[in-house]
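Reading through the structure tokens given below for one structure.
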Amino acid sequence: MMQLPKLDEHDSVPVYIQLSDHIKREIFRGELVEHSRLPSVRKWAELLGISTTPVEAAYQQLIAEGYVYSEPRRGYRVRAVVEGYHDMLLGKSDIHTAENEKGVNYARTNNKQGQAGSTVVSPDLLSLRPVTNVTYDFHMSHNDFSLFPYMKWQQYANRVWREESRGLLFYGNPQGEWGLRNEIAAYLGQFRGVRCIPEQIVIGAEQHLLMSLLTQTLLRKGGVRSIAVENPGYRLLPGTFRNYGYEIIPISLDSEGINLDELDQADVSLAGVSPSHQFPMGMPMPISRRLALLDWAERSGAYLIEDDYDGEFRYSGRPISSMQGLRENAPVIYMGGFSQVLAPAFCVHYMVLPKELVPHFGEVYRTVLFEQSASRLHQRTLELFMREGELGKHIRKMRNLYKRKHDLTVQAIQQHFGDQPGIELKGEHAGFHLVLRLINPNPADNMVAKALEMGIRVASTEYLWADGSAPADGKREFIIGFAGIEAENIEPGIAALARVWETIC
């Protein structure tokens with residue numbers, strides 16, 4: 001029988017998170033079984049003596065993470081969780097404490113080993129380069145730098161120069177600065193639920209370089225010659241692996257992410273996924289699918305590449321924790337970076353290798369003797385920025401800003417496209433973009449070009465299909481980025497887009 005939680009309204013952890021964590025524990029203990037009905041929002045509020053607001057928020061968080069589903073007139077019910085995980089406890093699953101609103105107080109490792117140098121489609125329309133005559137720029141990856149702490153960053157950079165002086169000008173650790181790797185390990189543990197130590201982290205200037213090193217590391221280990229990729233998905237992943245001779249196996253998506261039935265039938269020992277916020281369609285992968293995917297990897301002797309490109313930015317509830325942290329020594333290669341969290345210009349990305357791959361990475365280094373590609377100045381500055389708690393503060397500010405822009409974009413699309421037949425909006429509540437699906441007889445690239453002629457930049461999803469296909473239902477899909485555009489331009493930009501496409505129907 002499910003126990004009532006003991007909630008503390010004075011705790012730093014919000015009440016809705018305390019309640020959602022309690023329900024998760026009951027699910028893992030087997031007290032709440034698949035399809036069992038949960039108390040209504042009103043009933044919870046009466047039992048706990050609280051308002052309905054935190055209860056509703058707790059249920060929405062559980063739905064987002066895939067623990068609970070709702071049905072009209074049937075209430076909230078428990079989703080299936082993979083057999084054998086009822087013994088997962090708080091702190092050993094994807095249940096994590098909320099961010100400390102006063103700053104980042106994550107624990108750092110005291111391990112000093114390695115301190116001295118451990119070796120452990122339509123490109124023109126999608127380019128980040130300026131496009132002339134664009135009034136409304138809905139680029140999918142643009143940032144908003146209006147709240148960037150320029151003065152604070154300059155202070156930390158000056159401090160690094162004063163403390164490091166000449167030593168900063170020499171070659172850095174090829175795996176990345178130890179201090180920054182230490183901060184990243186602690187940050188990922190608290191904010192993303194990743195289990196790692198600094199020796200597992202590899203820092204690089206950009207994702208392609210890190211993936212190139214990963215392909216060579218896997219080839220050194222042996223047995224990995226093909227990779228399954230989400231279709232549609234991020235082109236950099238299949239493109240990089242194809243260039244190194246890997247066979248690319250596109251796997252379709254369903255409502256929960258990568259299709260496990262297709263993956264089971266594919267002869268692969270490597271798969272790339274984006275479980276927290278699938279790119280480009282935006283769905284989060286529920287806990288049952290993530291655990292089943294880990295089971296597939298262990299059963300197949302395979303590795304998973306987890307692309308967590310914007311996991312910090314969720315606008316309903318708290319961010320969904322990583323898949324890598326769901327299991328001790330998970331066969332997951334975790335990819336992340338600071339391009340969207342801070343700015344692309346700093347060129348600081350990272351990957352977290354499973355412990356058994358670290359020696360193979362070391363073999364690649366000893367064979368090639370490559371240099372560290374990320375600026376030591378930026379690495380050391382970022383280390384101070386994180387250590388002083390500034391990164392957590394900045395993320396919270398940006399999350400609030402992007403949430404406002406997200407909401408304005410959703411409202412504008414509903415207002416100006418809502419009465420059109422077959423309209424769908426995908427990927428709400430997270431990330432930097434939305435996917436607008438609609439019926440139109442014109443080719444998607446013609447629609448993108450027509451919009452650009454009228455000063456509106458959007459992109460089609462068609463270039464993201466690994467096998468050159470398109471949506472099977474014949475709808476056109478467009479990526480509407482909201483992060484970089486000024487808030488006051490969102491509604492008139494969407495209105496103008498609706499008028500342009502209405503004229504070519």
Side-chain angles (χ1 to χ4, degrees), residues 121-129 139-143 172-177 180-181 184 200-221 224-250 270-274 277-280 303-311 332-353 357 360-361 363-365 367-376 378-379 382 431-433 459 463-466 479:
V121 90
S122 180
D124 291 339
L125 302 185
L126 298 167
S127 172
L128 286 170
R129 297 182 180 88
H139 190 285
M140 73 182 82
S141 299
H142 275 178
N143 305 67
N173 189 316
Q175 198 169 328
E177 296 296 294
L180 179 56
R181 284 189 281 142
I184 290 174
Q200 294 174 255
I201 297 173
V202 179
I203 293 172
E206 45 94 21
Q207 286 183 310
H208 176 261
L209 185 145
L210 288 175
M211 286 188 185
S212 298
L213 293 174
L214 176 59
T215 61
Q216 298 171 64
T217 299
L218 292 171
L219 289 173
R220 282 274 170 183
K221 183 179 185 300
V224 181
R225 291 288 181 176
S226 58
I227 177 173
V229 297
E230 297 171 323
N231 192 32
Y234 189 35
R235 284 186 66 175
L236 182 62
L237 181 64
T240 303
F241 276 83
R242 183 181 291 110
N243 287 344
Y244 280 86
Y246 286 74
E247 181 184 7
I248 308 302
I249 311 296
L270 181 66
V273 294
S274 47
H277 184 228
Q278 200 280 330
F279 181 82
Y303 288 105
L304 296 165
I305 299 175
E306 179 177 6
D307 184 1
D308 198 29
Y309 66 102
D310 62 0
V332 176
I333 300 145
Y334 179 89
M335 309 290 296
F338 296 95
S339 287
Q340 292 183 302
V341 171
L342 283 174
F346 295 132
C347 296
V348 180
H349 294 260
Y350 55 83
M351 65 178 172
V352 179
L353 297 172
L357 287 183
H360 300 289
F361 174 83
E363 292 175 13
V364 173
Y365 169 70
T367 301
V368 181
L369 293 179
F370 55 82
E371 300 296 346
Q372 173 55 240
S373 58
S375 161
R376 294 188 73 195
H378 290 332
Q379 289 189 62
L382 179 56
F432 278 21
H433 74 272
Y463 84 107
L464 297 169
W465 290 78
I479 300 173

Compare all side-chain heavy atoms of Phe338 with those of Ile184 and state whether any distance is below 4.5 angstrom.
yes

Quick one: which residue pairs count as a salt bridge (Lys or Arg N to Asp or Glu O under 4.0 Å) with a foot in residues 333-349, not counting sequence neighbours?
none

Tell me, please, which residues at least two apart from Phe370 pass ring-ring contact (aromatic ring centres under 6.0 Å, His included).
Phe361, Tyr365

Using every non-hydrogen atom in the two residues, find where Pro238 and Ile248 come nearest and quote the distance to one decimal.
O-CD1, 3.5 Å

Taking all atoms of both residues into account, what is the closest heavy-atom pair of Gly233 and Gln278, and its distance?
CA-NE2, 4.2 Å

Report the residues that fulfil side-chain hydrogen bond (donor to acceptor under 3.5 Å, both in side chains) with Tyr246, sequence neighbours left out, ordered by chain and then residue number.
none

Is it true that a side-chain atom of Gln200 and a backbone atom of Leu353 form a donor plus acceptor pair closer than 3.5 Å?
yes

For the residue pair Glu230 and Val273, what are the closest heavy atoms and their distance?
OE2-CA, 3.4 Å

Drop me the distance from Tyr334's OH to Ile305's CD1, to the nearest 0.5 angstrom.
14.0 Å

Please identify each residue that fulfils side-chain contact (heavy atoms from CB on, under 4.5 Å) with Ala374, with sequence neighbours left out.
Ile203, Gln372, Gln379

Please confirm whether the backbone N or O of Gly176 pairs with a side-chain atom of Arg181, one donor and one acceptor, at under 3.5 Å?
yes

Across all chains, not counting sequence neighbours, the ring-ring contact (aromatic ring centres under 6.0 Å, His included) partners of Tyr309 are His277, Phe279

Under a 4.5 Å cut-off applied to non-hydrogen side-chain atoms, are Leu218 and Arg225 in contact?
no

Just so I know, are the side chains of Thr240 and Leu214 near enough to count as touching, which here means a heavy-atom distance under 4.5 Å?
no

Tyr303: which residues meet the side-chain hydrogen bond (donor to acceptor under 3.5 Å, both in side chains) condition with it, sequence neighbours left out?
Glu356

In chain order, what residues pass the ring-ring contact (aromatic ring centres under 6.0 Å, His included) check against Phe346, with sequence neighbours excluded?
Phe148, Trp153, His378

Looking at residues at least two apart in the chain, or sitting in another chain, which of them share a salt bridge (Lys or Arg N to Asp or Glu O under 4.0 Å) with Glu177?
Arg376, Arg380

What's the spacing between Thr215 OG1 and Ile227 CD1 if we round to 0.5 Å?
10.0 Å

Contacts of type side-chain hydrogen bond (donor to acceptor under 3.5 Å, both in side chains), residue Ser212, not counting sequence neighbours:
none

At what distance, to the nearest 0.5 angstrom, does CE of Met335 lie from CG of Asp307?
7.0 Å

Arg220: partners by side-chain hydrogen bond (donor to acceptor under 3.5 Å, both in side chains), with sequence neighbours left out:
Thr367

How would you list, by chain and number, every residue that makes a salt bridge (Lys or Arg N to Asp or Glu O under 4.0 Å) with Asp308, sequence neighbours excluded?
Arg192

Taken to the nearest 0.5 Å, the spacing of Leu357 CG from Thr217 OG1 works out to 7.0 Å

Which residues satisfy the side-chain contact (heavy atoms from CB on, under 4.5 Å) test with Leu209, sequence neighbours excluded?
Glu206, Leu213, Ser373

Any heavy-atom pair between the side chains of Phe241 and Leu270 that's under 4.5 Å?
yes

Atom pair CG/CE of Leu237 and Met211 - distance to nearest 0.5 Å:
5.0 Å

Can you give me the closest heavy-atom contact between Phe432 and Gln340, atom names plus distance?
CD2-NE2, 3.2 Å

On a heavy-atom basis, which atom in Ile479 and which in Pro280 lie closest, and how many Å separate them?
CD1-CB, 4.1 Å

